[in-house]
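These numbers were taken from a predicted model, which means no experiment stands behind them. Proteins get letters first, then strands, A, B, ... in listed order; numbering begins at 1 in each.
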There are 2 protein chains.
Amino acid sequence: MKLVRIYQCLCDETRLRILNLLAQRPLCVCHIQEVLARSQVQVSQHLSRLKKDGLVEANRHQNWMIYSLPKKVPQALEAHLRCLQDCIQTEPVFKSDLQALKKMKADCDWIDEVVSPKNSTAQV
Amino acid sequence: MKLVRIYQCLCDETRLRILNLLAQRPLCVCHIQEVLARSQVQVSQHLSRLKKDGLVEANRHQNWMIYSLPKKVPQALEAHLRCLQDCIQTEPVFKSDLQALKKMKADCDWIDEVVSPKNSTAQV
DNA sequence: TGACAATATACGTCAAATAGAATATTGGTT
DNA sequence: AACCAATATTCTATTTGACGTATATTGTCA
């Protein structure tokens, strides 16, 4: 993957906010939409942009698309995502996004179950 | 400095190539122009873009503007520039730019003298 | 199957970024 | 002062990106 592509993905604040959220946990579109207070279309478009370049991956579960950071990414990308994580919390938007996310914890706990079920028969 | 600004600077390949060159040594516009085989205007415009956000600094020496990476940059920027440096050599363009630069070494050695003169009276 | 919920895609529009041409600026030289 | 070399700026055309509206897709459930 070309280096410049990474930066082209990261050069939009909405996408940075999305990645910041996904760095916490897998989420479905509606949760992201709610935290960012952006339209469904906008969130969806940014997500598909990120997916196109492999910065996120998507898995459908029933009606919901669960987006997450891929477990395994190219080395350059991994380095940059780590660097991003190191720097991002110094900015208020990102911090408050995480707080908003925490408040919704109950709403998205089921996702953790789906992604890494403790009991493999316990599917929703 | 806002994080997204950093990425907006880095999301253009020409600018990445410029930064890659400047990571080696201070250079004047005409050298960059030659290595990148881009027009004077284009190089100048990208440089002024980078300067606007503090990714490079400029010092005039006679007819020449000497561009260089600032010694001291904000922490987030520094982290990202380091990350960039770690990753950039895996791509052919950047590697060959450095080789082209080496071939011009003789042409730009005077810059090193100007930037950090061994003998302070030895100005061109 | 019909209706609904969650998400995606298509298309048009507007703003911002890029590149090129022409011109301006700055400093040195004669 | 006239001229030249190096670089910057302005103006304009073109491209690209973001966003909104409308619509399509996919899966669930009655």
Side-chain angles (χ1 to χ4, degrees), chain A residues 2 4-19 21-22 26-53 55-68 104 107-108 110-111 114-115 123-124, chain B residues 2 4-19 21-22 26-53 55-68 104 107-108 110-111 114-115 123-124:
Chain A
K2 282 193 130 200
V4 70
R5 287 299 203 79
I6 297 177
Y7 295 120
Q8 283 165 352
C9 285
L10 301 180
C11 70
D12 176 276
E13 195 184 62
T14 303
R15 288 196 289 272
L16 289 184
R17 293 175 68 186
I18 291 176
L19 291 172
L21 293 178
L22 292 181
L27 289 169
C28 68
V29 182
C30 57
H31 294 138
I32 299 174
Q33 191 180 329
E34 192 178 331
V35 172
L36 303 191
R38 291 268 185 285
S39 74
Q40 180 265 317
V41 175
Q42 200 179 138
V43 170
S44 182
Q45 283 172 340
H46 281 299
L47 281 167
S48 86
R49 173 74 156 78
L50 289 170
K51 195 173 104 182
K52 180 171 74 73
D53 282 319
L55 296 233
V56 305
E57 62 183 29
N59 290 289
R60 177 179 287 280
H61 179 77
Q62 298 177 348
N63 268 345
W64 297 269
M65 290 294 297
I66 301 181
Y67 280 88
S68 55
M104 322 188 343
D107 291 334
C108 42
W110 64 269
I111 291 180
V114 173
V115 172
Q123 301 289 327
V124 177
Chain B
K2 280 192 132 198
V4 70
R5 287 297 204 81
I6 296 178
Y7 295 120
Q8 283 164 351
C9 285
L10 301 180
C11 72
D12 177 277
E13 195 184 61
T14 302
R15 289 197 286 273
L16 289 184
R17 293 175 69 187
I18 291 175
L19 290 172
L21 293 178
L22 292 181
L27 289 169
C28 66
V29 181
C30 56
H31 294 138
I32 299 174
Q33 193 181 328
E34 193 179 328
V35 172
L36 303 190
R38 290 271 185 285
S39 73
Q40 181 264 316
V41 174
Q42 200 178 138
V43 171
S44 183
Q45 283 172 339
H46 280 300
L47 281 167
S48 83
R49 173 75 158 77
L50 289 170
K51 197 173 102 183
K52 178 170 77 70
D53 282 321
L55 297 232
V56 304
E57 62 183 26
N59 289 290
R60 179 178 285 280
H61 180 76
Q62 298 178 349
N63 267 346
W64 297 271
M65 289 295 297
I66 302 180
Y67 280 88
S68 54
M104 321 188 344
D107 290 334
C108 43
W110 64 269
I111 290 179
V114 172
V115 172
Q123 302 287 328
V124 179

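- At whole-Å resolution of the value, CG in B:N63 and P in D:dA8 are 12 Å apart.
- Residue contacts shown for B:R15 are limited to sugar-phosphate atoms, with no base heavy atom under 4.0 Å away.
- A:Q42 has a side-chain polar atom (N or O) that falls below the 4.0 Å cut-off from OP1 or OP2 of D:dG20.
- Side-chain nitrogen and oxygen atoms of B:Y67 include none within less than 4.0 Å of the OP1 or OP2 phosphate oxygen of D:dA6.
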Exercise. Could you check A:L36 against A:L21 for side chain to side chain contact (heavy atoms under 4.5 Å, CB included), going step by step and ending with a plain yes or no?
Key: CA-CA 10 Å; A:L36 303 191; A:L21 293 178; 4.0 Å; yes
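- The interatomic distance linking B:Q45 (CD) with D:dT10 (P) rounds to 11 Å, in whole Å.
- Within 4.0 Å (heavy atoms only), A:V29 reaches sugar-phosphate atoms of the nucleic acid but no base atom.
- We find that CG of B:N59 is positioned 13 Å from P of D:dT7, with the value rounded to whole Å.
- One finds a side-chain N or O of A:H46 lying less than 4.0 angstrom from the OP1 or OP2 phosphate oxygen of D:dC19.
- Distance B:K52 NZ to C:dA16 C1': 11 Å, rounded to the nearest Å.
- Checked by atom type and distance alone, the side chain of A:R15 pairs as donor or acceptor with a backbone atom of A:C9 at under 3.5 Å.
- Across all strands, A:S39 comes closer than 4.0 Å only to sugar-phosphate atoms, never to a base (heavy-atom distances).
- Contact check, B:Q62 against C:dG27: no side-chain N or O comes under 4.0 Å of OP1 or OP2.
- Summarising the geometry, the separation between CD1 on A:I66 and P on C:dA6 is reported as 14 Å, rounded to the nearest angstrom.
- Side-chain atoms of A:V41 lie closest to C:dA8 of the nucleotides D:dT7, C:dA8, C:dT7.
- Closest-nucleotide positions on DNA chain D for B:S48 and A:T14 were compared, and the one nearer the 5' end corresponds to B:S48.
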Quiz item: Please walk me through it: do A:I32 and A:L22 pass side chain to side chain contact (heavy atoms under 4.5 Å, CB included)?
Solution: CA-CA 9 Å; A:I32 299 174; A:L22 292 181; 4.3 Å; yes
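- Under the 4.5 Å side-chain criterion, counting only non-hydrogen atoms from C-beta, B:E13 is in contact with A:K2.
- Rounded to whole Å, the distance from CG on A:L36 to C1' on D:dC19 is 15 Å.
- Interatomic distance, CE of A:M65 versus NZ of A:K51, reported as 5.0 Å (0.5 Å rounding).
- In this structure, A:I32 places its CD1 atom 9 Å from P of C:dA8, rounding to the nearest Å.
- Side-chain atoms of B:Q40 stay outside donor-acceptor range of the base of C:dG20, with no qualifying N/O pair under 3.5 Å.
- Remark: C1' of D:dA18 and CD of B:Q8 are 12 Å apart, rounded to the nearest angstrom.
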